[in-house]
Amino acid sequence: MTVPVLEVDRLVVDVLVEGEPRTVLHEVSLSLGEGEALGLVGESGSGKSMTARAVARLLPPGARTSGTIRYGGHDVRTLKGGALRDYRGDVALVFQDPRAHVNPVRRIGDFMTEALRTLHGVDKHTAAKRAAAALADVGIADGERRLEQYPHELSGGLLQRVVIATMLLTEPKLLLADEPTTALDVTTQAEVMAILDELRQERGMALLFITHDLDLAGAVCDRTAVMYAGQIVETRESAKLHEDPLHPYTAALVTARPAVDRAVDRLAAIPGRSVSAFEAPDGCPFAPRCPHAVDACHQERPPAEYVDGGLVRCIRADELRGRLAEEVAFHD
Amino acid sequence: MTEEPVLRVTGLRREFGGVVAVDGVDFEIPRGGSLAIVGESGSGKSTVANMVVGLCAPTAGTITACGRDRSRPARSAKERRLRGREVQIVFQDPYASLDPRHCAEQTLDEVLRLHRADDGKQQRQARVAELGDLVGLDARQMRARPRALSGGQRQRIAIARALAAEPEVIILDESVAALDVLVQAQVLNLLADIRERTGVSYLLISHDLGVVRQITDETVVMRRGRIIERGPTADVLAHPRQPYTQVLRDSVPHAGWKPTRALRALTEGAQPS
């Protein structure tokens, strides 16, 4: 593996909820090499977006962090002034709803060239040319016409591609994509995902891809990290998550999803609901819902341990391996 | 001649200004059946749902539920209530579809007062408890305001509210799309149980082919306001005849799936043969 572009080590984040500090991330560790894609998968409230916000230095006011977020040898948490500005130039963000992200009363061209003109001092004409070329890269042929249009004249899929093209203009080294295709139709999603994947490979950009869909993450990410209750419970090669999951929660995610090619009598729905980090009980946060939990699971938080090239937080990971593989095989 | 279908739609058309949103849509659902309308944004699938439940009037065509015509807006409160006992709807967003000031018990009681006016207070209370049991909400959750409940719990209330009027047909307009996968599995199992126990029919509006496969028997595929393919769900998804349906099928992420740019270009070229 190459030198990591981004390295997060035992990151803990507390945010203020009604004046009270609440833990939303618990000892999150991940690393991302140049040109590598890492999927971050979890349900609402699992902490996946909070992880991206911490990396982007966009945590809400009053948030407290511990642990480290390293980028290019510096701790992102302590960057100030010019160094922070440079860092923000290197990191691009794409969110779920492109319409909430662009100014509705500015033309597409203004939105796309703002960073180039203000941060990089590129003149208006050159900036417009580069914007049109970037649109061509994401499959929008009539770029020059699009630059003159307003956001409301474009469909969601088109607008999301505009946002992606805009991010690429400043040639970021790290792209944080938070559910970038969730609001799109499936055929548009396939196209946007293909574009992201191509651009990452061509430009050697590191990608942190956040989604609730294990299969979608697997399609573009070399490795996938699964989050539950503010911690990463398993990090593994994406392809292996489906056939040989190490954590019972990963297995539950795989088997709960209805398949296109077959209906089952009952979906494997585990009881209870997902909790946030601050609601999690002592011990393994998944233990109250886990079909494989034993007494020891309720005692203390399982540490992250290496198993077969992956990292997992489950004290029974070794003994459960064959059984979880059977559960998901029965599903496939 | 077999039994009269519980819902029959013929030649349904809806225009908005000069735009034709729904064009010549026909389908029927047998009693206790479950039909999916599949399509992407702008295909007209939600407009069909809105016309069937009575939220917008068709430009042309007929809708018959339980043998009674409902193609034109109801002219009286009595007629509206009658129609409410035929078709109910559960919307996508469990956060927007409930009154924030009412707990589940009040929400359900309101429906019962309208639709079972002869029942006394005690009978209504018993029925509210029964509905709560049916959708798996405990006594505490039945008395909580929506803001204190999760998305899955709120969607259970919306389902219970639809069931309270004892309709023959429930329209599920992307009803599980906003739910997390483990919650979605619970709600899909619940919907299957309810259909088995009450014999209610479902009209599912969805873009999610996995959900469609799991809870429907028949499927129609809509594109640009028209139905382009129809048949038993298993057949349509396993052996799509139209190239567009094939593209929809291939766009669903699954293990080992690789996204391609070409798929969407194909849909532009894919004309119904």
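Residue numbering restarts at 1 for every chain, and letters A, B, ... go by the order of the sequence lines.
Under the side chain to side chain contact (heavy atoms under 4.5 Å, CB included) criterion, A:A251 pairs with A:P245, A:L324, A:E327, A:V328, sequence neighbours left out. Taking B:R226 as the reference, B:D23 meet the side chain to side chain contact (heavy atoms under 4.5 Å, CB included) condition, with sequence neighbours excluded.
When A:I195, A:L196, A:T182, A:D265 are compared by the number of non-hydrogen pairs under 4.5 Å with chain B, A:I195 comes out ahead. Of the listed residues A:R289, A:H212, A:E198, the one with more heavy-atom pairs under 4.5 angstrom with chain B than any other is A:E198.
Contact of the B:Q184 side chain with the A:P258 side chain is registered, since non-hydrogen atoms from C-beta on lie closer than 4.5 Å. The side-chain heavy atoms of A:Q189 and B:P259, taken from C-beta on, include no pair separated by under 4.5 Å.
By the neighbour-count criterion of 12 heavy atoms within 6.0 Å, atom CD of A:E237 is sparsely surrounded, having that number or fewer from other residues, nucleotides or ligands. For B:E196, the CD atom sits in a loose shell: 12 or fewer heavy atoms of surrounding residues, nucleotides or ligands are nearer than 6.0 Å. The neighbour count for B:R143 CZ, taken as heavy atoms of other residues, nucleotides or ligands under 6.0 Å away, does not exceed 12.
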Begin from the C-alpha positions of A:R266 and B:N189 and carry the test side-chain contact (heavy atoms from CB on, under 4.5 Å) through to its verdict.
-> CA-CA 6 Å; A:R266 295 192 73 73; B:N189 283 344; 3.3 Å; yes

Could you give me the CA-CA distance, side-chain angles and deciding distance for A:D261 and B:R249, then say whether side-chain contact (heavy atoms from CB on, under 4.5 Å) is met?
-> CA-CA 10 Å; A:D261 51 7; B:R249 171 87 172 67; 4.1 Å; yes

Could you walk me through whether A:L267 and B:Q214 pass side-chain contact (heavy atoms from CB on, under 4.5 Å), step by step?
-> CA-CA 9 Å; A:L267 290 162; B:Q214 180 64 19; 3.9 Å; yes

When you look at B:W257 and A:V220, which way does the side-chain contact (heavy atoms from CB on, under 4.5 Å) test go after all the steps?
-> CA-CA 9 Å; B:W257 178 75; A:V220 292; over 6 Å; no

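A donor-acceptor pair under 3.5 Å links the side-chain atoms of B:Q186 to the main chain of A:G272, judged by distance alone. Of the possible donor and acceptor atoms, none in the side chain of A:D185 sits under 3.5 Å from a partner among the backbone N and O of B:E40.
The pair B:D180-A:R273 does not meet the salt-bridge criterion, since no charged nitrogen lies less than 4.0 angstrom from a carboxylate oxygen. Using a cut-off of 4.0 Å between Lys/Arg side-chain N and Asp/Glu carboxylate O, B:D208 and A:R257 are scored as salt-bridged.
The distance from atom NE2 of B:H207 to atom CG of A:L184, rounded to the nearest 0.5 Å, is 10.0 Å.
Of all heavy-atom pairs spanning A:V260 and B:G210, the tightest one is CG2-N, 3.9 Å.
Contact of B:L209 with chain A is made through backbone and side chain together, with heavy-atom distances under 4.5 Å. If you measure heavy-atom distances from A:A252 to chain B, the contacts under 4.5 Å come from both the backbone and the side chain.
Partner of B:V181 under the side chain to side chain contact (heavy atoms under 4.5 Å, CB included) criterion, chosen from A:L253, A:V254, A:T255, A:D213: A:L253.
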